[in-house]
Amino acid sequence: MNNLSDALHTDILIVGGGMAGGLLGLLLADQGFSVRVLDAGAEPARPQGESAPRVSTLSEASHWLLRHAGVWDRLDPERVQAYASMQVWDRDGTGEVRFSAADAGADCLGWLLENDHLTAALFEAAGEREPLAWHCGAPVEALTRDGDGWRVSAGDQVFSADLLVGADGARSRVRDAAGIPAPARDSGHRALVATIETDQPHGGCARQVFMDSGPLALLPLFGHDGRRCSIVWSAWPQRSDALMAMDDDAFGAALSQATGEVLGAARVVSRRAVFPIEERHASRYQGRSLALVGDAAHVIHPLAGQGINLGLLDAAVLAEELGRARAAGLPVAHATILARYERRRRADNLLMQNAMRGFKRLFERPEPAVRWLRNTGLGLVNRLAPARHAFMHRALGRAGDLPRNAKRP
């Protein structure tokens with residue numbers, strides 16, 4: 001029996017107001033659940049001027065999720081960059097593969113946008129959902145069991161809920177409170193991110209070059225006559241340290257060399273930032289009256305840009321399963337429903353994590369035989385339409401046990 005005020009009790013309490021947590025809140029509120037989102041950060045604000053350094057690649061499945069939730073139309077189209085093609089190659093070999101949206105029967109393969117842009121749009125949409133309360137500047141101080149539910153202290157208030165959802169990132173307090181292991185695994189890479197300008201326009205093409213030291217992605221950005229890209233340069237620590245120590249001219253020269261000047265000379269136009277790349281995968285995605293989504297459940301190498309797409313799918317599948325419970329008259333935290341959510345998402349996420357780990361290991365091996373094998377493989381994929389289609393099918397987010405809202409109506 002909850003002895004707190006009804007105003008502070010909700011069906012579902014989501015800790016973490018990022019992209020996955022925000023989308024989950026909207027999808028649940030639209031099904032009539034009372035929902036509260038607690039986030040330690042400030043109120044999300046739309047970025048202005050130059051592109052923010054942290055961007056995400058959204059798949060077709062994520063696009064439909066956001067459209068169904070009424071969020072896509074809130075995005076500023078001037079700050080969203082679609083890409084209709086992809087180019088992937090081995091810098092030290094001859095292997096190359098190109099993907100085209102036309103080959104997949106799609107208008108584009110994905111979209112690039114700033115993380116802050118999407119979070120702000122989710123926050124604005126939340127303001128129009130009466131069953132949803134989104135608290136900013138509310139860091140969680142304590143999480144305890146409250147009968148069959150949970151009690152959470154944040155700021156100077158105490159909240160309770162029948163179901164607690166951890167959407168609070170790789171170092172999730174919710175996951176720790178539930179005693180769910182998710183040990184960090186050092187990938188051996190650090191990711192250097194920055195915005196660059198190139199001599200030639202990107203043409204709406206996402207590019208990635210593999211090197212022994214790690215992959216380098218050039219992701220097309222909006223504006224500036226199509227000459228701006230966001231880069232994610234994954235490399236060994238000693239390589240990333242050397243790159244960070246360079247002045248802008250030397251870094252631009254190193255970047256141009258690494259990409260083979262695929263877009264001509266490159267110049268950095270923002271500050272550079274670097275962060276370690278750790279992989280995690282929770283041993284479970286659910287517990288008693290508790291579920292995990294997004295980075296709280298899994299963190300993968302960013303080389304394919306799929307992290308946020310997996311998190312948004314987590315949110316959509318969990319919302320779909322909770323809606324199923326509601327329709328069947330079951331409690332919101334019914335163990336069978338939470339187990340079904342875990343079963344639908346954990347295997348697919350693990351498959352993607354292992355695939356990214358395998359790609360990384362394959363391309364950092366310097367042996368001639370391995371280099372020949374991977375270049376031959378890329379060439380085959382490029383020549384064989386079924387193989388290309390299989391890769392595009394996965395990249396578009398069309399594979400796996402998709403929730404209904406992740407599909408074209």
Side-chain angles (χ1 to χ4, degrees), residues 51-57 86-93 95-97 112 115 170 184-198 202 205-221 228-280 295 299-308 352-368 370-371 374-375 378:
S51 173
R54 299 299 296 271
V55 300
S56 289
T57 305
M86 294 178 63
Q87 178 186 7
V88 180
W89 73 100
D90 187 338
R91 194 192 69 172
D92 298 321
E96 180 183 47
V97 61
L112 269 295
N115 294 5
R185 178 191 180 105
D186 186 358
S187 71
H189 277 171
R190 292 178 184 170
L192 188 156
V193 297
T195 301
I196 65 167
E197 187 171 79
T198 56
H202 52 64
C205 178
R207 296 173 170 86
Q208 185 152 257
V209 54
F210 283 92
M211 299 169 283
D212 290 350
S213 59
L216 165 60
L218 286 78
L219 307 174
L221 287 178
R228 291 282 175 93
C229 290
S230 174
I231 66 165
V232 182
W233 195 337
S234 302
W236 301 321
Q238 61 269 32
R239 178 59 171 156
S240 63
D241 287 345
L243 292 169
M244 288 295 288
M246 295 176 181
D247 62 26
D248 285 352
D249 289 341
F251 179 79
L255 179 61
S256 299
Q257 181 184 26
T259 61
E261 296 196 355
V262 67
L263 294 175
R267 298 166 293 281
V268 64
V269 294
S270 73
R271 67 180 183 86
R272 285 166 270 164
V274 66
F275 55 91
I277 300 175
E278 292 182 342
E279 298 175 2
R280 292 178 186 264
D295 285 357
V299 180
I300 70 171
H301 197 290
L303 68 86
Q306 288 298 310
I308 185 54
M352 180 65 76
Q353 185 179 63
N354 288 336
M356 295 307 98
R357 189 179 299 155
F359 272 115
K360 172 187 173 292
R361 289 175 176 171
L362 177 64
F363 280 91
E364 68 186 9
R365 294 282 296 275
E367 296 91 342
V370 177
R371 183 173 296 168
R374 70 191 183 217
N375 280 279
L378 284 174

K.L.:
Taking the side chain as every heavy atom from C-beta outward, state whether I231 and L192 have any pair of such atoms under 4.5 Å apart.
P.N.:
yes
K.L.:
Hey, could you give me the OG/NE2 distance between S213 and H189, rounded to the nearest 0.5 Å?
P.N.:
7.0 Å
K.L.:
Using a 4.5 Å cut-off on heavy atoms from C-beta on, say whether the side chain of R207 contacts that of L263.
P.N.:
yes
K.L.:
Applying side-chain hydrogen bond (donor to acceptor under 3.5 Å, both in side chains), name anything that partners Q257, two or more places apart in sequence or on another chain.
P.N.:
none
K.L.:
According to side-chain hydrogen bond (donor to acceptor under 3.5 Å, both in side chains), who are the partners of R190, at least two apart in sequence or on a separate chain?
P.N.:
D241
K.L.:
Report yes if the side chains of R267 and I196 come closer than 4.5 Å at any heavy-atom pair, otherwise no.
P.N.:
no
K.L.:
Please report the closest heavy-atom contact between R239 and A235, naming both atoms and the distance.
P.N.:
CG-CB, 3.7 Å
K.L.:
With rounding to the nearest 0.5 Å, note down the distance linking CG in D295 to CD1 in I300.
P.N.:
9.5 Å
K.L.:
Could you tell me whether a side-chain N or O of S270 sits under 3.5 Å from a main-chain N or O of T195, the two making a donor and an acceptor?
P.N.:
yes
K.L.:
Once rounded to the nearest 0.5 Å, what's the spacing between atom CD of Q208 and atom OG1 of T259?
P.N.:
13.0 Å
K.L.:
Output yes when a side-chain donor or acceptor of S256 lies under 3.5 Å from a complementary backbone atom of A266, and no otherwise.
P.N.:
yes
K.L.:
As an exercise, state the distance from CD1 of I277 to CZ of R185, rounded to the nearest 0.5 Å.
P.N.:
13.5 Å
K.L.:
Not counting sequence neighbours, which residues clear side-chain contact (heavy atoms from CB on, under 4.5 Å) with D248? List them please.
P.N.:
V268, R272
K.L.:
Kindly indicate whether the side chain of W233, heavy atoms from C-beta on, has any atom under 4.5 Å from the side chain of V274.
P.N.:
no
K.L.:
Are any non-hydrogen side-chain atoms of L112 and S56 less than 4.5 angstrom apart?
P.N.:
no
K.L.:
Between V55 and A52, what is the shortest heavy-atom contact and its length?
P.N.:
CG1-O, 3.8 Å
K.L.:
Please give me the minimum heavy-atom distance between A206 and P220, naming the atom from each residue.
P.N.:
CA-CD, 3.8 Å
K.L.:
Taking the side chain as every heavy atom from C-beta outward, state whether L218 and V232 have any atom pair closer than 4.5 Å.
P.N.:
no
K.L.:
Does a side-chain heavy-atom distance below 4.5 Å link Q87 with V262?
P.N.:
yes
K.L.:
Quick one: closest heavy-atom pair of S230 and P53, and the distance?
P.N.:
OG-O, 4.3 Å
K.L.:
Got R228 and V269 here, is their nearest side-chain heavy-atom distance under 4.5 Å?
P.N.:
yes
K.L.:
Looking at every non-hydrogen atom in both residues, tell me the closest pair between W236 and D212 and how far apart they are.
P.N.:
CZ2-O, 3.1 Å
K.L.:
Under a 3.5 Å distance rule, please check whether H202 uses its side chain to pair with a backbone N or O of L221 as donor and acceptor.
P.N.:
yes
